[in-house]
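See below for the structure under consideration.
Below, each value reflects all heavy atoms present in this structure, side chains not excepted, and no hydrogens, waters or symmetry copies.
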Amino acid sequence: MTLRKAHTLILAALAAVALQGCFTGVESTPVITDRDIRHREEIATPEKQFLADAAPQSPRHWQAGKRLWVTDNRISLLFTPGVDGAAARVPDSLAGTVLRFADVSDVPGLTEDPTVQLAFTDSSGNRLVYRPTMTRRAFNADSSLQIPFTVDMDMVGTVRNRLVGNTYYILTPRRFRADGSEVKGLRYVTVRITDVTPGNANYPLRVTFTEEGVADTLGLYMTVGNSRIATRNFETLFSFTDPRKQYPSIEDDTWALIRQSRIREGMTPDECRLALGAPLEYLHLPSTAGMVERWSYGDGTYLFFEDGRLSRFRK
């Protein structure tokens with residue numbers, strides 16, 4: 001085989017690979033996730049900055065007497081009984097009670113650097129010891145350590161002082177009754193905050209509010225901070241200003257559907273995003289008519305857009 005012929009074959013092979021990448025469809029189609037979109041559209045809005053300083057305080061800064069609300073009885077599994085004056089038996093029903101921080105001390109570790117233990121007292125005066133398997137050096141440097149199944153009551157107080165009595169536009173249709181059952185409401189209507197209390201292990205704050213035309217006092221769960229689990233912060237739930245004014249071109253009948261979290265064929269991507277929220281995944285797919293944009297949601301809902309309009313959907 002001559003050098004010229006070998007070169008020609010190599011170029012042909014490369015061209016075939018390139019063509020295959022163009023026509024294989026989904027295999028070569030990049031997937032854009034909601035996380036990608038949020039990263040690209042990260043904007044320091046007033047809503048995002050509002051509670052930026054309300055994140056839980058790091059344990060390295062705690063003072064004796066600091067209060068933690070217990071959200072789950074599984075916290076009993078964290079404590080080591082019978083050490084350093086701790087209770088010989090850890091109570092197994094601590095949920096809904098308050099622990100008070102007592103002190104932090106060093107205990108011998110596997111290395112020269114000692115490990116730390118944190119001590120608390122419960123409502124009965126029992127001393128409960130938690131050893132997070134962390135050296136003193138790491139403890140002093142770590143600003144993200146939190147005690148599982150607890151809510152920082154100082155954080156609750158800070159958020160309560162900021163929110164109670166204020167009126168906001170709610171961005172989500174999800175509501176919760178006092179008994180924990182979920183009910184669906186309207187998006188982009190005004191609500192008045194009545195209280196902020198400890199939430200649960202995943203969402204540390206429960207925000208309750210009244211809503212015009214609704215008899216019950218309802219609530220929702222919220223996170224604060226910038227950790228990976230802070231997925232329901234204030235800016236994802238509330239707006240200071242009326243979102244309707246940002247979209248003057250949307251017809252009134254379409255906006256009525258959006259507030260009910262409903263969609264119909266012919267709606268734009270912006271209108272669908274307002275109605276259903278951001279999808280988990282955006283995918284561009286080839287079709288006989290050209291490229292189709294598909295949105296997928298966690299509940300099995302799929303939206304298909306052609307030429308910038310919703311052409312069909314499946315819920």
Side-chain angles (χ1 to χ4, degrees), residues 38 42-72 75 94-101 120 142-180 182-183 185 187-212 214 216-243 277:
R38 291 200 306 269
E42 193 73 19
I43 300 175
T45 62
E47 289 85 355
K48 185 175 180 62
Q49 296 173 330
F50 183 48
L51 295 176
D53 61 342
Q57 188 182 43
S58 171
R60 63 180 176 172
H61 300 303
W62 288 356
Q63 299 294 321
K66 184 176 181 66
R67 299 174 303 143
L68 301 178
W69 176 269
V70 179
T71 63
D72 196 301
I75 195 174
L94 292 170
T97 67
V98 172
L99 300 181
R100 291 183 178 272
F101 175 64
F120 304 87
D142 192 343
S143 60
S144 62
L145 173 65
Q146 299 298 323
I147 310 303
F149 311 120
T150 66
V151 176
D152 185 332
M153 290 299 291
D154 290 334
M155 175 193 68
V156 175
T158 297
V159 177
R160 179 188 293 119
N161 291 338
R162 299 270 183 91
L163 266 59
V164 170
N166 295 340
T167 298
Y168 305 110
Y169 292 88
I170 190 168
L171 305 180
T172 174
R174 299 185 69 185
R175 319 281 203 271
F176 293 90
R177 298 188 180 95
D179 62 4
E182 184 173 346
V183 60
R187 295 176 184 262
Y188 314 121
V189 295
T190 55
V191 298
R192 184 177 184 275
I193 310 301
T194 58
D195 201 3
V196 177
T197 55
N200 55 45
N202 296 318
Y203 305 104
L205 298 171
R206 178 181 170 87
V207 180
T208 56
F209 53 84
T210 56
E211 182 178 340
E212 185 177 355
V214 179
D216 295 335
T217 296
L218 301 174
L220 49 76
Y221 292 94
M222 189 172 77
T223 57
V224 292
N226 55 9
S227 67
R228 289 181 298 175
I229 62 174
T231 57
R232 288 178 61 81
N233 285 4
F234 179 85
E235 67 271 14
T236 69
L237 302 173
F238 300 106
S239 172
F240 293 144
T241 57
D242 185 356

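Atom OG1 in T194 sits 8.5 Å away from atom CZ in F209 (nearest 0.5 Å). Once rounded to the nearest 0.5 Å, the distance linking CG of D242 with OH of Y168 reads 15.5 Å. Interatomic distance, CD1 of I170 versus CG of L220, reported as 5.0 Å (0.5 Å rounding). Rounding to the nearest 0.5 Å gives a distance of 8.5 Å between CZ of F234 and CG of L171. Within the model, atoms CG of N200 and CZ of F149 stand 11.5 Å from one another, a figure rounded to the nearest 0.5 Å. One distance of note links CG of L94 with OG1 of T150; it measures 11.5 Å at 0.5 Å rounding.
Considering every non-hydrogen atom in both Y188 and P243, the closest pair reads CD2-CG, 3.6 Å. Between Q49 and A44 the shortest heavy-atom distance is NE2-CB, 3.7 Å. Nearest approach of P198 to M153, heavy atoms of both residues: CG-SD, 3.6 Å. Contact between P204 and T223 at its shortest, heavy atoms only, is CD-CG2, 3.9 Å. Between G225 and A55, the shortest heavy-atom contact is CA-CB, 4.0 Å. Pairing each heavy atom of G199 with each of T71, the nearest pair is O-CG2, 4.0 Å.
Under the side chain to side chain contact (heavy atoms under 4.5 Å, CB included) criterion, R100 pairs with R67, T121, sequence neighbours left out.
In terms of modelled atom types and a separation under 3.5 Å, the side chain of S58 and the main chain of H61 share no donor-acceptor contact.
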With side chain to side chain contact (heavy atoms under 4.5 Å, CB included) as the criterion, how do E212 and V189 come out once you've worked through the C-alpha distance, each side chain's angles and the decisive distance to 0.1 Å? CA-CA 8 Å; E212 185 177 355; V189 295; over 6 Å; no
L205/M155 under side chain to side chain contact (heavy atoms under 4.5 Å, CB included): CA gap, chis, key distance, verdict: CA-CA 9 Å; L205 298 171; M155 175 193 68; 3.9 Å; yes
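Side chains of R192 and N166 form no contact here, defined as non-hydrogen atoms less than 4.5 Å apart. Considering only heavy atoms from C-beta on, D142 stays 4.5 Å or farther from P59 through its side chain. The shortest side-chain heavy-atom distance between V196 and R162 does not fall under the 4.5 Å cut-off. Between W69 and V156, every side-chain heavy-atom pair lies at or beyond the 4.5 Å cut-off. Using a 4.5 Å heavy-atom cutoff, the side chains of K66 and D152 are in contact. The shortest distance between side-chain heavy atoms of P148 and I75 does not fall below 4.5 Å. With contacts defined as side-chain heavy-atom distances shorter than 4.5 Å, the pair L68/W62 qualifies. Residues Y169 and T241 are not in side-chain contact: their nearest non-hydrogen atoms beyond the backbone lie 4.5 Å or more apart.
A salt bridge between D195 and R206 is absent, with no side-chain N of the basic residue lying under 4.0 Å from a carboxylate O of the acidic one.
Applying the side chain to side chain contact (heavy atoms under 4.5 Å, CB included) test between L51 and each of N233, L163, T158 identifies L163 as the sole match.
Remark: aromatic rings of F50 and F240 are close, center separation under 6.0 Å.
The salt bridge (charged side-chain N to carboxylate O under 4.0 Å, His left out) analysis of residues 163-175, with sequence neighbours excluded, yields the pairs R174-E182, R175-E211.
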